[in-house]
There are 2 protein chains.
Amino acid sequence: MARHSILDILNDTLRKETLEKVRVMQFPAGQVLFSAGQNCQGLPLVLGGRIKVQMTGVSGHSIVLYRMEADDICTLSIGCLMTGRAYRAEAVVEEGAEAVMIPRGVFDRLMDQSAGFRLGIMESYGRRLDDLMLLVEEVAFRRMDQRLEEWLLGRAARGAVVITHQELAVELGTAREVVSRLLKELERRNMVRLSRGRIEVTGLLDRQHRAR
Amino acid sequence: MARHSILDILNDTLRKETLEKVRVMQFPAGQVLFSAGQNCQGLPLVLGGRIKVQMTGVSGHSIVLYRMEADDICTLSIGCLMTGRAYRAEAVVEEGAEAVMIPRGVFDRLMDQSAGFRLGIMESYGRRLDDLMLLVEEVAFRRMDQRLEEWLLGRAARGAVVITHQELAVELGTAREVVSRLLKELERRNMVRLSRGRIEVTGLLDRQHRAR
DNA sequence: GGTTGAATGTGACTTTATCACTGAAGTCAC
DNA sequence: GTGACTTCAGTGATAAAGTCACATTCAACC
């Protein structure tokens with residue numbers, strides 16, 4: 001069954017009516033949920049899996065803006081849904097995802113009838129704005145070596161990640177060569193072990209646990 | 001009288017009730033509308049003037065995220081208002097501004113009663129997300145000299161701006177020295193004339209009008 | 001086992017950031 | 001008006017990051 005906290009908030013009648021009008025959809029890894037220039041068909045409520053949202057600049061470079069996981073709402077879609085503008089970013093499924101697509105009419109009705117639903121939407125928007133503001137700061141001011149180390153820690157503290165340098169460059173919004181060189185340096189310092197398409201974190205320490 | 005398009009959308013009863021419960025406030029240039037860490041007192045609807053929203057990173061550097069002018073809604077405040085989280089950014093009045101402060105209760109009521117109000121809020125959110133996404137791309141991938149030229153064009157095509165290099169650095173999210181050097185180079189090429197706290201644009205051409 | 005394409009490595013060079021200053025332009029007190 | 005102060009701007013040296021061009025390596029597939 002479709003499990004999403006924003007649906008739990010609804011009263012029984014409203015939830016029942018909603019569930020009758022939506023369908024749960026499965027998205028295999030790799031599938032593009034939407035891409036730049038496309039129009040929005042409905043508001044996705046993510047039930048599971050992982051979806052990354054990235055945009056490609058005029059320069060042709062891409063950067064990952066944020067991720068959606070279980071219980072997230074695709075906030076980006078709301079604006080496109082309501083105003084009819086096209087998406088500016090692209091959403092790609094990373095881990096087979098499951099989502100409910102809420103069509104415009106149902107969304108309007110839920111916004112009208114449920115204060116809880118409205119709160120959920122507003123919260124989601126707030127989080128997303130926060131995420132993006134933090135990203136701006138990170139991209140503008142933080143050093144790439146630190147950002148790389150943090151990414152690795154967040155993703156694979158003492159484990160291994162399967163990712164190419166190119167993909168990692170898109171995560172951080174930089175160039176592949178920069179990632180390659182920084183990783184090489186980390187390997188030289190015995191903090192990671194590199195192999196083709198795979199990075200094993202062996203001795204990275206969290207910044208907090210290190211002397212500054 | 002308080003003129004804001006999102007108030008015009010309301011029906012007469014609702015508008016009247018709303019206007020009774022809010023007050024129009026004046027903010028002189030330089031005043032800080034809110035700053036990081038503070039809690040939100042209400043949703044500002046901007047009636048006039050100009051307010052810049054900027055954040056300061058852990059590094060101590062600041063960057064301007066976006067501006068609000070007449071008819072804008074301080075989207076950032078909604079999240080803080082609804083969830084009780086503190087502001088992460090700071091809003092500074094640039095040109096004497098006028099705004100209506102909508103308290104939480106009134107906001108809830110408007111969201112509940114007016115589909116038009118909801119649409120306005122959602123549109124505003126969508127625009128803001130778009131702005132921030134574009135900013136991320138700009139900061140991550142575009143060259144500083146181009147960004148500087150565009151800023152100057154957008155702000156003072158063939159006129160003069162009163163701004164220090166430091167302030168301009170915050171606009172672009174870079175260091176003062178970088179701005180100084182780039183400006184010096186533009187002056188050398190007779191595209192601007194520099195004086196203390198003032199930049200006169202004399203011969204900058206819009207990119208579209210130039211050969212690439 | 002050779003071919004192919006993707007992934008990674010690397011040198012050379014440019015742009016941007018950082019640091020540590022110097023000097024110049026305004027402001028204010030007296 | 002002159003000196004003291006403060007803010008703003010200029011600059012050299014160096015480090016970090018981005019760009020370009022190409023070399024090498026690896027894995028997969030006939």
Side-chain angles (χ1 to χ4, degrees), chain A residues 30 56-64 135-152 160-189 191-201 207 212, chain B residues 30 56-63 135-152 160-189 191-201 212:
Chain A
T56 301
V58 278
S59 56
H61 285 152
S62 302
I63 183 170
V64 172
L135 182 59
V136 168
E137 198 252 311
E138 176 149 338
V139 169
F141 302 130
R142 309 248 342 267
R143 290 188 40 159
M144 200 49 86
D145 53 357
Q146 291 186 11
R147 292 178 57 209
L148 174 59
E149 287 184 32
E150 274 166 33
W151 192 97
L152 288 172
V161 224
V162 171
I163 192 170
T164 67
H165 297 184
Q166 176 58 53
E167 288 164 342
L168 195 35
V170 170
E171 292 290 328
L172 300 172
T174 182
R176 199 259 315 155
E177 297 91 317
V178 175
V179 171
S180 289
R181 279 192 255 258
L182 290 174
L183 281 174
K184 216 58 199 151
E185 172 63 15
L186 286 181
E187 187 175 48
R188 204 189 55 70
R189 292 197 276 146
M191 300 172 112
V192 301
R193 245 197 299 277
L194 302 175
S195 52
R196 195 185 173 87
R198 186 166 179 281
I199 302 167
E200 190 183 345
V201 176
R207 284 231 148 230
R212 309 230 43 189
Chain B
T56 302
V58 279
S59 56
H61 286 152
S62 301
I63 183 170
L135 182 60
V136 167
E137 198 254 311
E138 178 150 336
V139 168
F141 301 129
R142 310 244 346 264
R143 291 190 39 158
M144 200 50 84
D145 53 357
Q146 289 185 13
R147 292 178 55 208
L148 174 59
E149 287 185 31
E150 275 166 33
W151 193 95
L152 288 172
V161 224
V162 171
I163 192 170
T164 66
H165 297 186
Q166 177 56 53
E167 286 164 342
L168 195 34
V170 170
E171 291 291 327
L172 300 172
T174 182
R176 199 259 314 153
E177 298 91 317
V178 174
V179 171
S180 289
R181 280 191 254 258
L182 290 174
L183 280 174
K184 216 58 197 154
E185 171 63 16
L186 286 180
E187 187 175 47
R188 204 190 54 71
R189 292 195 279 145
M191 300 172 112
V192 300
R193 245 198 299 278
L194 302 176
S195 51
R196 193 187 172 87
R198 187 167 177 281
I199 302 168
E200 191 183 345
V201 176
R212 312 230 42 191

Worksheet item: How do Leu182(A) and Thr164(B) order along DNA chain D: which one's closest nucleotide is nearer the 5' end?
Response: Thr164(B)

Discussion item. To the nearest 0.5 Å, what is the distance between CD on Gln166(B) and OG on Ser180(B)?
Written reply: 9.0 Å

Item to complete: Report the C-alpha distance between Glu150(B) and Arg147(B) in whole Å, list the side-chain angles of each, state the deciding distance to 0.1 Å, and finish with yes or no for salt bridge (charged side-chain N to carboxylate O under 4.0 Å, His left out).
Response: CA-CA 5 Å; Glu150(B) 275 166 33; Arg147(B) 292 178 55 208; over 6 Å; no

Item to complete: May I have the distance from Glu138(A) (atom CD) to dA17(D) (atom C1'), rounded to whole angstrom?
Response: 15 Å

Worksheet item: How does protein reach along nucleotides 21-30 of chain D, written 5' to 3' as B (base within reach of a heavy atom under 4.0 Å), S (only sugar-phosphate), or - (no contact)?
Response: B---BBS---

Worksheet item: DNA chain C: Arg143(A) or Leu183(A), which has the more 5' nearest nucleotide?
Response: Leu183(A)

Worksheet, complete the sentence: Separation of dA16(D) atom P from His61(B) atom NE2, nearest Å, is 15 Å

Worksheet entry | Interatomic distance, Arg198(A) CZ vs dT8(C) P [rounded to whole Å] | 13 Å

Fill in: Ionic contact status for Arg181(A) with Glu177(A), cut-off 4.0 Å
no

Item to complete: Measure the distance from CD on Glu149(A) to C1' on dA17(D) and round it to the nearest whole Å.
Response: 16 Å

Item to complete: Report yes if a side-chain nitrogen or oxygen of His165(A) is closer than 4.0 Å to either non-bridging phosphate oxygen (OP1 or OP2) of dA6(C); otherwise report no.
Response: no

Discussion item. Whether Lys184(A) contacts dG9(C) is assessed here as follows: a side-chain N or O lying under 4.0 Å from the phosphate OP1 or OP2. Is that the case?
Written reply: yes

Item to complete: Rounded to the nearest angstrom, tell me the gap between atom CD in Gln166(A) and atom P in dG5(C).
Response: 18 Å

Response to the item:
Judged by nearest nucleotide, the residue sitting upstream toward the 5' end of DNA chain D, Leu194(B) or Thr174(A), is Leu194(B)

Worksheet item: Going from CD1 on Ile199(A) to CE on Met191(A), what distance comes out if it is rounded to the nearest 0.5 angstrom?
Response: 14.0 Å

Item to complete: Select base, sugar-phosphate, or nothing to describe what Arg181(B) touches, counting heavy atoms under 4.0 Å on all strands.
Response: base

Discussion item. From CZ of Arg147(A) over to P of dA17(D), roughly how many Å is that when rounded to an integer?
Written reply: 10 Å

Worksheet item: Under the criterion side chain to side chain contact (heavy atoms under 4.5 Å, CB included), which of Val179(B), Leu182(B), Thr174(B) is the partner of Leu168(B)?
Response: Val179(B)

Discussion item. With side chain to side chain contact (heavy atoms under 4.5 Å, CB included) as the test, pick out the partner of Ile63(B) among Val170(B), Thr56(B), Val139(B).
Written reply: Val139(B)

Fill in: Distance in Å, His165(B) NE2 paired with Arg196(B) CZ, rounded so as to fall on 0.5 Å steps
10.5 Å

Worksheet entry | Candidate pair Glu137(B) and Ser59(A), rule side chain to side chain contact (heavy atoms under 4.5 Å, CB included), full reasoning | CA-CA 9 Å; Glu137(B) 198 254 311; Ser59(A) 56; 4.2 Å; yes

Worksheet entry | Rounded distance [0.5 Å steps], CG in Leu194(A) versus CZ in Arg188(A) | 13.0 Å

Item to complete: Please state how far atom CZ in Arg193(A) lies from atom P in dT8(C), giving the value in whole angstrom units.
Response: 17 Å

Item to complete: Whole angstrom is fine here: how far is it from CG in Leu148(A) over to P in dG18(D)?
Response: 12 Å

Worksheet, complete the sentence: Bend of the helix from dG1(C)-dC30(D) to dC30(C)-dG1(D) from end-axis comparison, five pairs per end, nearest 10°, comes to 20°

